[in-house]
Q: 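Sharing a structure with you now.
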Amino acid sequence: MLVTAYLVLVGLLALWAVLEFSACHSKSSPTSNALGNPAFRQFQHDFFRAYFPALAADWLQGPYLYKLYQHYHFLEGQIAIIYVCGFGATVLSGLVSAPLTGRLGRRKSCILFSLLLAGCYVCKLSQDYFVLLTGRVLGGFSSSLLFSSFESWYSHEHAEHHDFPAEWLPHTFSQVATWNGAIAIVAGITANACAEWLGLGPASPSVLAVPLLGLSVALVIREWDENRGQSSSITRSCSDGLRCLLRDRRVLLLGAIQALFESVVYIFIFLWTPVLDPHNTPLGIAFSGFMAASATGSSLYRLATSKKYHLQPMHILCLSVLMVFFSLFMLTFSTAPGQERPTESFLAFLLIELACGLYFPAVSFLRRRLIPEKEQTGVMNWFRVPLNLIAGLGLLVLHDSDYQSGTRNMFSLCAVTMLLALLSVVGLFSMVRNDSDLRMPSSEAEPSGSEL
């Protein structure tokens with residue numbers, strides 16, 4: 001597995017580079033004026049300079065999170081509870097993040113994200129179980145602020161302060177998506193270097209992330225101005241979202257797809273380390289391989305929806321769900337007790353990440369077309385409830401540390417869950433196949449990238 005992980009990473013990086021080059025040359029770009037505008041490029045640069053260290057700090061926790069808890073000699077069931085607390089914090093933070101950002105201000109919310117995540121990382125240095133639970137809760141609250149605060153700050157400054165054209169905005173977020181994939185890959189390699197090559201242990205990536213968060217805070221304080229959005233009531237936002245869900249069956253089906261698909265991804269995030277770690281797998285390199293597979297999927301999405309091929313997001317959504325179902329079917333055999341095949345499991349995990357790279361931009365496009373902008377926050381809050389509930393219950397019910405077949409049973413349940421997601425996709429497709437509003441124009445620039 002040691003050699004396999006390195007070879008897969010090199011191969012996927014090469015494939016990603018080729019696909020990214022092809023995708024960039026296949027799309028028609030409406031932003032040539034933006035690229036030649038020095039003020040716009042400087043504004044982009046200032047945003048990236050503060051945002052990218054925050055992204056890097058967030059990704060550094062990925063490869064060795066489960067390993068850290070295992071290093072502290074906690075049982076699998078105890079680790080599952082820590083993860084479930086993080087899921088619960090994510091649901092609660094989704095409810096309060098938009099009103100909080102509106103009242104506190106987007107700049108201060110970006111600073112708050114860095115402080116919460118730094119607190120999460122400091123908690124990981126303790127071996128006390130309740131301190132680790134607290135850290136996971138802080139991490140759950142910080143995750144909802146990462147994209148909403150930084151990117152909403154940029155959108156407001158772009159339109160209101162600098163008065164740049166709205167059609168230039170997707171160019172920035174497309175750049176963010178591409179760089180986010182590269183940062184995740186580098187973060188995995190860096191975490192592997194700290195934890196394994198230098199022998200500093202699984203807590204070392206968390207220590208390394210804290211100075212990056214400090215750098216992000218310093219740049220935000222020094223270079224960004226405050227801006228505020230309209231503060232909204234939590235009750236009103238949720239009630240508007242619920243009404244949107246109930247009056248439009250398409251939105252309800254899309255929510256079912258998102259809850260079922262992404263709950264399986266959450267469970268995968270929990271399971272990949274205990275499946276691969278016993279077989280001498282370099283976890284940081286494996287994580288970078290996953291991120292390279294996801295970035296490859298994003299580039300494939302851009303290429304598939306370009307003017308040259310002109311596939312529709314609904315078709316790509318169907319394909320991504322099928323890919324994950326097939327991967328989970330493979331995993332039910334490759335994780336059989338006493339007959340483990342780690343190479344097959346690793347390849348199945350890579351296929352899941354490739355599918356995620358296709359899924360997230362496709363479902364994002366459909367959300368924007370189906371859900372009115374003013375109701376998106378409330379609808380997304382409702383989507384998160386079953387998503388985290390399914391993932392949390394799955395981890396709590398099926399992961400008994402004394403039950404040898406727990407992991408295989410978990411993948412079997414995930415396969416059934418993905419089959420339900422596939423049926424929901426078929427139902428949605430039958431309703432929208434003739435809907436021109438859900439077709440992507442060949443000239444539309446679609447940002448892509450992972451949302452998890």
Side-chain angles (χ1 to χ4, degrees), residues 1-15 62-71 73-77 79-80 83 184-185 187-189 191-193 195-197 199 201-202 205 264-297 323-357 394-395 398-415 417-418 452:
M1 280 301 298
L2 183 68
V3 176
T4 301
Y6 281 95
L7 289 177
V8 164
L9 176 59
V10 171
L12 284 171
L13 288 175
L15 179 59
Y64 289 93
L65 182 59
Y66 187 100
K67 180 72 172 179
L68 176 66
Y69 300 138
Q70 205 173 44
H71 178 72
H73 306 295
F74 292 113
L75 299 175
E76 198 171 56
I79 299 172
Y83 274 74
I185 293 166
I189 297 171
N192 198 91
E196 298 189 27
W197 298 346
V264 168
V265 174
Y266 278 22
I267 293 172
F268 153 70
I269 291 170
F270 177 85
L271 287 176
W272 75 267
T273 300
V275 170
L276 296 181
D277 189 39
H279 303 282
N280 196 32
T281 305
L283 298 179
I285 300 302
F287 179 85
S288 293
F290 297 154
M291 296 300 101
S294 180
T296 299
M323 288 169 63
V324 175
F325 175 74
F326 176 72
S327 302
L328 293 166
F329 186 73
M330 286 175 56
L331 286 163
T332 58
F333 293 97
S334 63
T335 58
Q339 301 176 20
E340 293 88 354
R341 297 189 291 274
T343 302
E344 291 181 19
S345 297
F346 183 45
L347 293 176
F349 290 153
L350 290 168
L351 191 58
I352 290 174
E353 284 289 351
L354 181 68
C356 287
L395 293 182
L398 289 181
H399 255 283
D400 184 346
S401 59
D402 296 325
Y403 190 34
Q404 193 178 15
S405 300
T407 298
R408 187 187 187 189
N409 288 345
M410 180 73 78
F411 285 126
S412 300
L413 177 66
C414 287
T417 304
M418 199 52 60
L452 275 185

Q: Would you please classify the geometry between the H73 ring and the H71 ring as parallel, tilted or perpendicular, with 30° and 60° separating the classes?
A: parallel
Q: Enter the distance from L331:CG to C414:SG here, rounded to the nearest 0.5 Å.
A: 9.0 Å
Q: With sequence neighbours excluded, tell me which residues meet side-chain hydrogen bond (donor to acceptor under 3.5 Å, both in side chains) with Q70.
A: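 If we apply the side-chain hydrogen bond (donor to acceptor under 3.5 Å, both in side chains) test to Q70, skipping adjacent residues, there are no hits.
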Q: Please report the closest heavy-atom contact between G394 and M410, naming both atoms and the distance.
A: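 Answer, listing the atom of G394 first, then M410: O-CE, 3.2 Å.
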Q: How many angstroms lie between OG1 in T4 and CD1 in I285, if you round to the nearest 0.5 Å?
A: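 T4 OG1 to I285 CD1: 13.0 Å, rounded to 0.5 Å.
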Q: Could you state the interatomic distance from CG (L395) to CD1 (I269), rounded to the nearest 0.5 Å?
A: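 L395 atom CG to I269 atom CD1 measures 10.5 Å (nearest 0.5 Å).
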Q: With sequence neighbours excluded, what pairs up with A193 under the side-chain contact (heavy atoms from CB on, under 4.5 Å) test?
A: W197
Q: Holding to side-chain contact (heavy atoms from CB on, under 4.5 Å), I want the full list of residues that pass it with H279, two or more places apart in sequence or in another chain.
A: M1, T281, E340, P342
Q: Can you label the angle between the F270 ring and the Y83 ring as parallel, tilted or perpendicular, going by 30° and 60°?
A: perpendicular
Q: List in chain and number order the residues that pass side-chain contact (heavy atoms from CB on, under 4.5 Å) with L7, two or more places apart in sequence or in another chain; answer none if no residue qualifies.
A: V3
Q: What about the rings of F74 and Y66, do their centers lie closer together than 6.0 Å?
A: no
Q: I need the I267 CD1 to T417 OG1 distance, nearest 0.5 Å.
A: 6.5 Å
Q: Please name the pair of heavy atoms, one in A292 and one in L13, separated by the smallest distance, quoted to 0.1 Å.
A: CB-CD2, 4.3 Å
Q: If you define the side chain from C-beta out and look only at heavy atoms, does anything of L347 sit under 4.5 Å from L351?
A: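 Contact flag for L347/L351 side chains = no.
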Q: Which of these passes side chain to side chain contact (heavy atoms under 4.5 Å, CB included) with P282: N192, D277, L276?
A: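 For P282, the side chain to side chain contact (heavy atoms under 4.5 Å, CB included) test succeeds with only one of N192, D277, L276, which is N192.
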Q: Any idea which heavy atoms bring V265 and C356 closest together, and the distance?
A: CG2-SG, 3.8 Å
Q: Give the intermediate values and the outcome of side-chain contact (heavy atoms from CB on, under 4.5 Å) for residues M418 and F329.
A: CA-CA 10 Å; M418 199 52 60; F329 186 73; over 6 Å; no
Q: Can you tell me how far the OG atom of S288 sits from the CG atom of L9, to the nearest 0.5 Å?
A: 5.5 Å
Q: For A355 and V324, which heavy atoms make the closest approach, and how far apart are they?
A: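 Shortest heavy-atom contact: CB-CG2, 3.5 Å.
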Q: Is the ring pair F268/F349 parallel, tilted or perpendicular, if the boundaries are 30 and 60 degrees?
A: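 Ring orientation, 0 to 90° scale: tilted.
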Q: Hey, does V275 have a side-chain heavy atom less than 4.5 Å from the side chain of F411?
A: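 They are in side-chain contact.
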Q: Between NZ of K67 and CG of L283, what distance do you get to the nearest 0.5 Å?
A: 6.5 Å
Q: Quick check: closest heavy atoms across P205 and Y64, and the distance to 0.1 Å?
A: CG-CD1, 4.2 Å
Q: Should we say atom OH of Y6 is surrounded by more than 12 heavy atoms from elsewhere, each under 6.0 Å from it?
A: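 Atom OH in Y6 is packed in, count exceeds 12.
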Q: For M330, which residues count as a side-chain contact (heavy atoms from CB on, under 4.5 Å) partner, sequence neighbours excluded?
A: F326, A348
Q: Got a sec, which residues hit side-chain hydrogen bond (donor to acceptor under 3.5 Å, both in side chains) with S345, two or more places apart in sequence or on another chain?
A: S334
Q: Where is the tightest heavy-atom contact between W272 and A286, given as atom of each residue plus distance?
A: CZ3-CB, 4.1 Å
